[in-house]
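Counting begins at 1 with the first residue of the sequence. These numbers come from a predicted model, not from an experiment.
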Amino acid sequence: MVLVYSDNKNITIEMLSKAVEIAKIQGKKVTTTIIGKSDENLAKEYIFHGADLVFIVEVNLQSFKAEEYADILTNITKEINAETILIGS
């Protein structure tokens with residue numbers, strides 16, 4: 001599995017393009033994550049750009065800490081057994 005994450009929509013879409021290439025070579029699927037407010041339309045857009053699966057994790061971003069991002073991404077990485085991770089900022 002190839003995992004893609006960025007809190008920037010445009011960067012995520014760019015990385016999805018590369019993730020699809022990598023996933024084809026590896027014979028794997030592409031997953032991305034939305035952290036913050038639930039956004040079904042954004043999830044559909046990510047699927048349109050190549051994601052096979054989109055995790056949506058709702059959190060209050062006003063009090064959200066970097067450690068919590070790390071915990072969420074670690075848990076997703078373990079759950080999907082990600083072999084390749086692309087993170088953009």
Worksheet item: What distance do His49 atom NE2 and Thr32 atom OG1 have between them, rounded to the nearest 0.5 Å?
Response: 11.5 Å
Worksheet item: Which residues pass the salt bridge (charged side-chain N to carboxylate O under 4.0 Å, His left out) test with Lys9, sequence neighbours left out?
Response: Glu45
Discussion item. Quick one, Ile72 and Val59 - any side-chain contact, counting heavy atoms below 4.5 Å?
Written reply: yes
Practice prompt. Would you check if Met1 and Glu83 make a side-chain contact, meaning some heavy-atom pair closer than 4.5 Å?
Written response: no
Discussion item. Once rounded to the nearest 0.5 Å, what's the spacing between atom CG of Asn75 and atom CZ of Phe55?
Written reply: 10.0 Å
Discussion item. So, using salt bridge (charged side-chain N to carboxylate O under 4.0 Å, His left out) as the criterion, who are the partners of Glu14 when residues are at least two apart?
Written reply: none
Worksheet entry | All pairs passing salt bridge (charged side-chain N to carboxylate O under 4.0 Å, His left out) where residues 47-58 contributes a residue, at least two apart | none
Fill in: For Tyr46, the rest of its hydrophobic cluster, which grows through side-chain links under 4.5 angstrom
Val2, Val4, Ile11, Ile13, Met15, Leu16, Val20, Ile22, Val30, Ile34, Leu42, Ile47, Val54, Ile56, Leu86
Discussion item. A side-chain contact here means heavy atoms from C-beta on lying under 4.5 Å apart; do Thr84 and Gln26 qualify?
Written reply: yes
Fill in: side-chain contact (heavy atoms from CB on, under 4.5 Å) between Leu3 and Ile76, worked out
CA-CA 9 Å; Leu3 175 63; Ile76 291 171; 4.1 Å; yes
Fill in: Sequence-distant partners of Lys18, salt bridge (charged side-chain N to carboxylate O under 4.0 Å, His left out), two or more places apart
Glu21
Response to the item:
The salt bridge (charged side-chain N to carboxylate O under 4.0 Å, His left out) partners of Glu79 (sequence neighbours excluded) come to none
Worksheet item: Is a side-chain N or O of Ser6 found less than 3.5 angstrom from the main chain of Gly88, in a donor-acceptor match?
Response: yes
Worksheet item: Measuring from Thr74:OG1 to Tyr69:OH, what's the distance to the nearest 0.5 Å?
Response: 14.0 Å
Worksheet item: Could you give the distance from NZ (Lys78) to CG (Leu73), rounded to the nearest 0.5 Å?
Response: 12.5 Å
